[in-house]
Amino acid sequence: MTYEETLNILRSAADPTFREGMTRFGIAVDRALGVHVPELRRIARQTGCDHALAMQLFASGIHEAQILASMVADRRQFRPEDMDAWVADFDSWDVCDQCCMNLFRHVPYACDKVREYAAEEREFSRRAGFALLATLAVGDKGAQTAVFADFFPLITEYSHDLRPSIKKAVNWALRQIGKRNETLRLQALEVARQIASSAVAAERWTGRDAVRELTDERVVARVRAKSR
């Protein structure tokens, strides 16, 4: 499927009503068509893995084309400098998160990029650092406990960033690390309680929400079952 053919399919799948509704979730729609993610996945199955197409789609700047790019890119050909360029272009949390889930977490240099992006002051670059950490915690089944425990100081440091997209990503990363195994759950719970004791009300949410999930009976049972 050519680049132009793919764009035509995206445009034909656009839903103006859905596009309008995206704003309620804090999604920037200036570059959006209004295509549902399940439809993007269907289109991705049609195109198959096509790295050249993926790079063209992302460069288009079209919101859904960038998400689709993350679904059809070849992770073996995706270079660190490509990731840097994509992250620098993020202007919405959903493009950021989809790229992390669909592509970034699968590349061998993903862990190194977490700290690099988290240290960026730019909102969606920092969001990428913590979204990447959260998706690695879910998807990298073979990583050692110590790999994720080493990220707790980073989570504590940036829990002070109260921008909504950062606050939610830090919370997401903390919760997902805590759900990997019982050792990490207890460590994450301690970190969450420390954050929850902050004198800043907006910061306390990050910790309290994580405490709530990591002490939920169903979550505790699942984590302990995985740890046996």
Side chain to side chain donor-acceptor pair (under 3.5 Å) evaluation trace for Gln194 with Thr156: CA-CA 8 Å; Gln194 290 172 356; Thr156 300; 4.8 Å; no
Between Met71 and Ile43, is a side chain to side chain contact (heavy atoms under 4.5 Å, CB included) present by the stated rule, with each step listed? CA-CA 9 Å; Met71 297 174 179; Ile43 296 169; over 6 Å; no
Determine, step by step, whether Ile195 and Ile155 satisfy the side chain to side chain contact (heavy atoms under 4.5 Å, CB included) criterion, reporting the C-alpha distance in whole Å, the side-chain angles of both residues, the deciding distance to 0.1 Å, and the verdict. CA-CA 9 Å; Ile195 296 171; Ile155 287 172; 4.2 Å; yes
Derivation and outcome, side chain to side chain contact (heavy atoms under 4.5 Å, CB included), residues Val35 and Phe18: CA-CA 7 Å; Val35 184; Phe18 178 65; 6.0 Å; no
Side chain to side chain contact (heavy atoms under 4.5 Å, CB included), that's the test. Do Cys111 and Leu136 meet it? Break it down for me. CA-CA 8 Å; Cys111 263; Leu136 283 168; 4.0 Å; yes
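Phe104 and Tyr109 fall within the same hydrophobic cluster, defined by Ile, Leu, Val, Met, Phe, Trp and Tyr side-chain heavy atoms under 4.5 Å apart, directly or through other members. By the rule that hydrophobic residues join a cluster once side-chain heavy atoms approach within less than 4.5 Å of another member, Ile166 and Met101 end up as members of separate clusters. Leu68 and Leu103 fall within the same hydrophobic cluster, where Ile, Leu, Val, Met, Phe, Trp and Tyr residues are linked whenever their side-chain heavy atoms come under 4.5 Å apart, directly or through other members.
Using a distance-only test at 3.5 Å, with no hydrogens or angles considered, a donor-acceptor pair links the side chain of Thr2 to the main chain of Glu5. Distance alone, capped at 3.5 Å, is enough to place a donor-acceptor pair between the Trp93 side chain and the Phe25 backbone. Using modelled atom types, no side-chain atom of Lys179 and backbone atom of Glu213 make a donor-acceptor pair closer than 3.5 Å. Checked by atom type and distance alone, the side chain of Glu64 never pairs as donor or acceptor with a backbone atom of Ala32 at under 3.5 Å. Side-chain atoms of Asn102 come within 3.5 Å of backbone atoms of Gln98 as a donor-acceptor pair (strictly under, hydrogens ignored). Without hydrogens or angle criteria, Arg105 side chain to Ala110 main chain gives no donor-acceptor distance under 3.5 Å. At least one donor-acceptor pair closer than 3.5 Å links the side chain of Asn171 to the backbone N or O of Thr206. Judged by distance alone, with hydrogens and angles left aside, the side-chain atoms of Arg75 form no donor-acceptor pair with the main-chain N or O of His106 at under 3.5 Å. Looking only at distances, a side-chain donor or acceptor of Thr23 sits under 3.5 Å from a matching main-chain atom of Glu20.
The pair Glu121-Arg163 meets the salt-bridge criterion, with a side-chain N (NZ, NE, NH1 or NH2) lying under 4.0 Å from an Asp/Glu carboxylate O. Ion pairing of Arg31 with Asp89 is present here, as a side-chain N (NZ or NE/NH1/NH2) and a carboxylate O approach within less than 4.0 Å.
Heavy-atom neighbours of Lys168 NZ from other residues, nucleotides or ligands within 6.0 Å: at or below the threshold of 12.
Listed by chain and number, the residues in a salt bridge (charged side-chain N to carboxylate O under 4.0 Å, His left out) with Glu190 amount to none (sequence neighbours excluded). Applying the salt bridge (charged side-chain N to carboxylate O under 4.0 Å, His left out) test to Glu203 and every residue at least two apart in sequence or in another chain returns nothing. Legend: residues meeting salt bridge (charged side-chain N to carboxylate O under 4.0 Å, His left out) with Arg45, ordered by chain and number and at least two apart, are absent. Partners of Arg79 under the salt bridge (charged side-chain N to carboxylate O under 4.0 Å, His left out) rule, at least two apart in sequence or in another chain, are Glu81, Asp82.
At a threshold of 4.5 Å between non-hydrogen side-chain atoms, the residues Leu154 and Val114 count as touching. At least one side-chain heavy atom of Val107 sits under 4.5 Å from a side-chain heavy atom of Met83. When side chains are defined from C-beta on, Trp205 counts as touching Lys167, because their heavy atoms get closer than 4.5 Å.
The CG atom of Asn8 sits 10.5 Å away from the CE atom of Met1 when rounded to the nearest 0.5 Å. Taking SG from Cys49 and CD from Gln77, the interatomic distance works out to 7.0 Å, rounded to the nearest 0.5 Å. Put simply, CD on Gln66 and OG on Ser70 are 9.5 Å apart, with the number rounded to the nearest 0.5 Å. Rounding to the nearest 0.5 angstrom, the gap separating the CG atom in Leu10 from the CG atom in Leu40 is 6.5 Å. In this structure, Asp97 CG and Phe90 CZ are separated by 9.0 Å, a value rounded to the nearest 0.5 Å.
Of all heavy-atom pairs between Val211 and Leu189, the closest is CA-CD1, 3.9 Å. In terms of heavy-atom proximity, Asp91 sits nearest to Ala28 at O-CB, 3.7 Å. The two residues Phe130 and Ala118 come nearest to each other via the heavy atoms CE1-CB, 3.7 Å. Closest of all the heavy-atom pairs between Ala131 and Ala169 is N-CB, 4.4 Å.
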Listed pairs under 3.5 Å, donor-acceptor, residues 142-152 side chains, sequence neighbours left out:
| unit_1 | atom_1 | unit_2 | atom_2 | d |
| --- | --- | --- | --- | --- |
| Thr145 | OG1 | Asn181 | ND2 | 2.9 |

In a table with atom names and distances, give each donor-acceptor pair under 3.5 Å that connects a side chain of residues 53-62 to protein atoms at least two apart or in another chain.
| unit_1 | atom_1 | unit_2 | atom_2 | d |
| --- | --- | --- | --- | --- |
| Ser60 | OG | Leu57 | O | 2.6 |
| Ser60 | OG | Ile62 | N | 3.2 |

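No hydrogens or angles considered: nothing links the side chains of Arg180 and Gln176 as a donor-acceptor pair under 3.5 Å.
Applying side-chain contact (heavy atoms from CB on, under 4.5 Å) to His63 and the options Val29, Ile27, Leu33 leaves one that passes, Ile27.
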